[in-house]
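Data block below; observations after.
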Amino acid sequence: MGQKKKKLAKGRLDKFYYLAKEQGYRSRAAFKLVQLNKKYNFLGSAKACLDLCAAPGGWMQVASKYMPVQSLIVGVDLVPIRQVRNCISLAEDITTQKCRTEIKKALKTWKVDVCLHDGAPNMGTSWVQDAYQQAELTLHALKLATEFLATGGWFVTKVFRGADYNSLIWVFNKLFRKVESTKPQASRNASAEIFVVCQGFLNPKKIDPKLLDPKFVFKEVQEGPKKVDVLSEKKAKRNRSGYEDGVTMLRKKGFISDFIESSQHLLDLASFTEYEFDENAQIFKQHPSTTPEIIECFRDLRVLGKNDFSKIIKWRKAMAEYKEKLDNPEEEETKEPEPERELTQEEKDALLDTELEQLKENLEKKRRKEKKKANEKKRLERKRIELTMHIPGDKIEEGADDDLFVMKGKQDFQDDVVAEHGDSDSDDSDSDDSEVEPDRRTQEEAEMDNDEFMEQQLEDQYKQYILRVSNRAKEFDVKVKKDKLSQDAEFDDQDDDEMEQEEEDHPLYVGKAKPIEKDADMFFDNDLFGGVEYRTEDDEPSEDEQEEEDEDSKPIDISKLKLQKAQPVATKSKKQKTTKGGSEKGGKKHQKMPSGEESDDEDIVQEMDMEEVPMEEDVEYSSDSDEEIDDKIKTKALGEFLLRKKSRNDLVDDSFHRFAFNDNRDGMPQWFIDDENRHHKPQTPLTKDMVDEIKRKIKEIDSRPIKKIAEAKARKKMRLGKKMEKVKEKSSSIMDNADMSNKEKSRAIEKLYAGTDKKNQKPKKIIMIAKKSKTGGGGTGKYKIVDKRMKKDLRAMKQKQKTVGRSAASKKANKKK
Ligand SMILES: C[S@@+](CC[C@H](N)C(=O)[O-])C[C@H]1O[C@@H](n2cnc3c(N)ncnc32)[C@H](O)[C@@H]1O
């Protein structure tokens with residue numbers, strides 16, 4: 001027994017339980033509010049919230065997370081609530097007056113925008129009792145809500161789908177503009193709870209107290225029509241829950257005995273709201289098939305689901321038979337089985353006809369079913385190609401996939417299997433069993449379900465497909481590596497040959513156009529390739545060439561050629577290569593230029609008709625690969641999403657969906673699992689514009705100079721500015737000088753400006769210190785050579801000048817004192 005209980009409790013630990021643990025929510029119920037808020041978004045703009053029956057505080061945590069910062073949240077519960085950040089908690093019974101005063105104290109003069117209620121009274125007495133208590137508690141919560149809600153506010157409450165459900169909805173409709181019932185995913189299907197979201201509190205000046213009185217609402221509603229005008233201001237609204245037009249009565253009761261005897265019991269089920277076990281129906285009540293669930297179902301037909309109705313209908317059928325039995329007990333007993341009589345020929349024919357008809361009908365049905373299935377498969381195939389596995393330009397693949405979903409004849413399939421295994425059994429079958437074997441096969445065939453057959457074929461073909469794709473990826477990798485090594489992606493004939501060979505070896509190879517010599521000739525005729533030789537397989541290299549190739553078997557490539565153009569690197573041989581077929585063609589000249597030799601460069605340069613340029617150092621810049629740049633962009637974009645609260649929340653929310661933990665794919669075919677893995681992920685909300693914008697920004701940042709350089713430039717500019725100001729001042733004083741002639745003035749000003757222009761300044765002499773005493777430097781050269789002694793003397797002199805200046809200044813200061 002204890003074990004059973006444990007198992008039950010474990011069963012309750014679903015994904016929301018673990019999610020709540022992971023995200024630090026105090027209860028799994030928190031996700032109910034998260035999902036309700038996601039649907040209606042009542043927390044986003046609320047400034048104050050009252051959470052009734054809030055312990056342990058899961059909803060309060062959600063409210064504090066989703067409401068704007070510094071909003072007021074008050075939580076009330078019978079049991080004390082552990083402090084939630086930025087929330088006030090009260091330990092009160094929401095049905096009491098004291099609770100009202102405490103809430104008033106906490107809210108001060110505020111009115112709340114949202115009132116939440118997730119109360120659950122102590123359950124366990126009986127279903128009816130529990131449901132009633134829940135409804136009563138909800139009404140109490142509503143009473144508090146009407147007191148503290150601001151006009152237009154929201155009331156979100158949990159309600160049980162019981163007998164009083166409709167009454168509650170009726171009351172809500174009186175007080176709110178819009179009332180909707182919903183069941184969030186986090187709420188277990190097995191639970192009878194449902195959440196009612198009431199929006200737009202009408203806030204009438206006076207509310208009839210009866211409207212919020214459980215005794216009145218739940219009792220009166222069942223007993224008869226409401227006569228009171230519950231709202232002093234508003235006219236009573238028409239009930240929205242689907243009752244007959246014009247009927248103010250909320251309940252329509254029928255009797256079970258009538259229901260069982262009725263010939264239109266289905267219509268009755270639709271028109272009545274409940275059935276009572278009247279006196280005549282007591283025999284049915286005692287029947288073993290009449291479970292408490294059935295009795296409960298009859299209490300309120302409006303809240304029943306499809307399953308409940310089917311149960312009721314089955315129960316009615318059983319009861320009708322039971323009644324029949326009770327009414328005619330003798331008939332039942334005395335009834336003897338009729339002796340079987342011989343059928344006449346006509347009767348036999350008729351029987352055969354009907355059987356044939358039946359068979360035909362069955363066949364037709366089967367055919368239609370198969371056609372429908374085939375159509376469905378085709379549709380799936382098309383979708384599959386659109387969505388995933390289709391690789392653009394991969395014609396072979398498409399062709400190969402065509403038969404993936406085409407149903408092979410079963411015989412073909414069987415043949416394949418036999419051919420594949422090719423075991424000795426097949427030989428045996430030719431012997432004595434040869435006549436029995438086909439029968440056995442057809443029997444097996446018949447047994448093989450179409451679906452299974454398809455699944456098996458699909459699985460096999462999918463494996464082949466995956467193999468092909470991975471092979472192609474490997475080939476591609478190999479090619480890229482080769483290209484990188486030889487840096488000869490375009491002109492590496494050898495690689496091309498290899499690729500060709502590989503392609504030809506490949507099982508998917510379907511044939512290729514003949515070598516494109518003509519096109520290649522035309523291409524290499526371009527002057528750009530002056531010196532590059534294009535050679536086909538058939539061209540025999542000359543002896544010299546052979547020698548060179550032995551040394552450096554790598555064919556020359558255009559990128560190297562360009563590099564060598566920029567470097568004064570000599571070739572070993574100056575010989576021009578002969579062109580294809582021995583004849584010399586316009587630009588098809590080839591120069592082998594292995595690096596390392598430095599002779600005869602000029603000649604070569606001349607021969608190659610190239611311009612000599614100064615040697616440049618081969619600097620390698622490590623730049624990000626495309627993938628790294630993509631990653632950078634994605635990371636940056638996601639970072640931007642995370643900066644804003646709404647987009648951040650959306651991003652987080654999007655990662656929780658009903659497929660997030662959908663790991664139970666046992667028994668699913670591999671292609672399905674792969675497909676799921678590929679597509680059941682939230683799409684990153686990155687648009688092309690965003691990516692472009694980020695790329696632009698990154699480029700902008702990259703092109704900016706580094707900080708130090710920018711600072712140095714700014715300093716330089718500033719200094720120059722100051723200098724210019726000084727020069728301007730001086731030049732104006734020169735201009736004002738009456739003693740100078742115009743010519744002198746202009747010369748003086750010219751001199752002044754020349755000082756600011758660094759280019760025109762005389763370069764300063766660079767002082768070099770000679771190791772040994774060496775005088776006689778100076779002069780007009782760039783360098784002034786001094787010896788160590790002179791250097792020391794110079795420094796000492798400078799030092800002395802400084803101290804003299806300082807001592808003179810201090811003497812002056814002392815004098816002043
Ligand atoms: C399902 S829990 C609420 C869970 C809560 N919404 C959360 O997310 O953590 C129901 C709560 O209703 C409280 N409750 C039941 N009757 C109450 C009453 N009359 N006054 C105040 N709280 C009550 C219970 O103490 C219980 O903590």
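Atoms within a ligand are numbered from 1 in the order they appear, just like the ligands themselves.
Ring-plane geometry between Phe176 and Phe155 is classed as parallel, the angle between the planes falling under 30 degrees on a 0 to 90 degree scale with a further cut at 60.
Comparing Cys99, Ala120, Gly119 by heavy-atom distance to atom 15 (C) of ligand 1, the nearest is Ala120. The heavy atom nearest to atom 3 (C) of ligand 1, out of those in Ala30, Ala29, Ala55, is found in Ala55.
Between Glu640 and Lys636 a salt bridge is recorded (basic side-chain N to carboxylate O distance below 4.0 Å).
Nearest protein neighbour of atom 14 (N) of ligand 1, counting heavy atoms only, is Cys53 SG, 3.8 Å. Considering only non-hydrogen protein atoms, atom 1 (C) of ligand 1 sits nearest to Asp118 O, 3.6 Å. In terms of protein heavy atoms, atom 21 (C) of ligand 1 is closest to Leu78 N, 3.3 Å. In this structure, the protein non-hydrogen atom closest to atom 20 (N) of ligand 1 is Ile94 N, 3.1 Å. For atom 13 (C) of ligand 1, the closest heavy atom belonging to the protein is Asp77 OD2, 3.2 Å.
In the model, Thr273 has no side-chain atom that pairs as donor or acceptor with a side-chain atom of Lys253 under 3.5 Å.
Those atoms of ligand 1 that come under 4.0 Å of a heavy atom in Gly57, given as number and element, are 9 (O). When each atom of ligand 1 is checked for a heavy atom of Ser27 under 4.0 Å away, the hits are 7 (C), 8 (O), 9 (O). Under a 4.0 Å criterion applied to the non-hydrogen atoms of Gly58, ligand 1 contributes the atoms 7 (C), 8 (O), 9 (O). Ligand-side atoms of ligand 1 in range of Asp93: 18 (C), 19 (N), 20 (N), range being under 4.0 angstrom from any heavy atom. Here is the list of ligand 1 atoms found below 4.0 Å of a heavy atom in Ala54: 5 (C), 7 (C), 9 (O).
Residues Glu92 and Leu78 have side chains not in contact (no heavy-atom distance under 4.5 Å, counting atoms from C-beta outward). Using a 4.5 Å heavy-atom cutoff, the side chains of Asp93 and Cys99 are not in contact. Counting heavy atoms from C-beta on, the side chains of Asp653 and Lys38 come closer than 4.5 Å. When side chains are defined from C-beta on, Lys158 does not count as touching Thr138, because their heavy atoms never get closer than 4.5 Å. Phe298 has its side chain within reach of Phe259: a pair of non-hydrogen atoms, C-beta onward, lies under 4.5 Å apart.
Between Glu92 and ligand 1 there is a heavy-atom distance shorter than 4.0 Å.
In terms of polar-atom proximity, Pro121 is not counted as a contact of ligand 1, lacking any N or O under 3.5 Å from an N or O of the ligand.
Of the heavy atoms in Val76, none comes closer than 4.0 Å to ligand 1.
Atom-to-atom distance recorded for Phe160:CZ and Gln134:CD is 4.5 Å, nearest 0.5 angstrom.
Checked options Lys183, Arg188, Lys32; the residue passing with Glu193 is Lys32 (criterion: side-chain hydrogen bond (donor to acceptor under 3.5 Å, both in side chains)).
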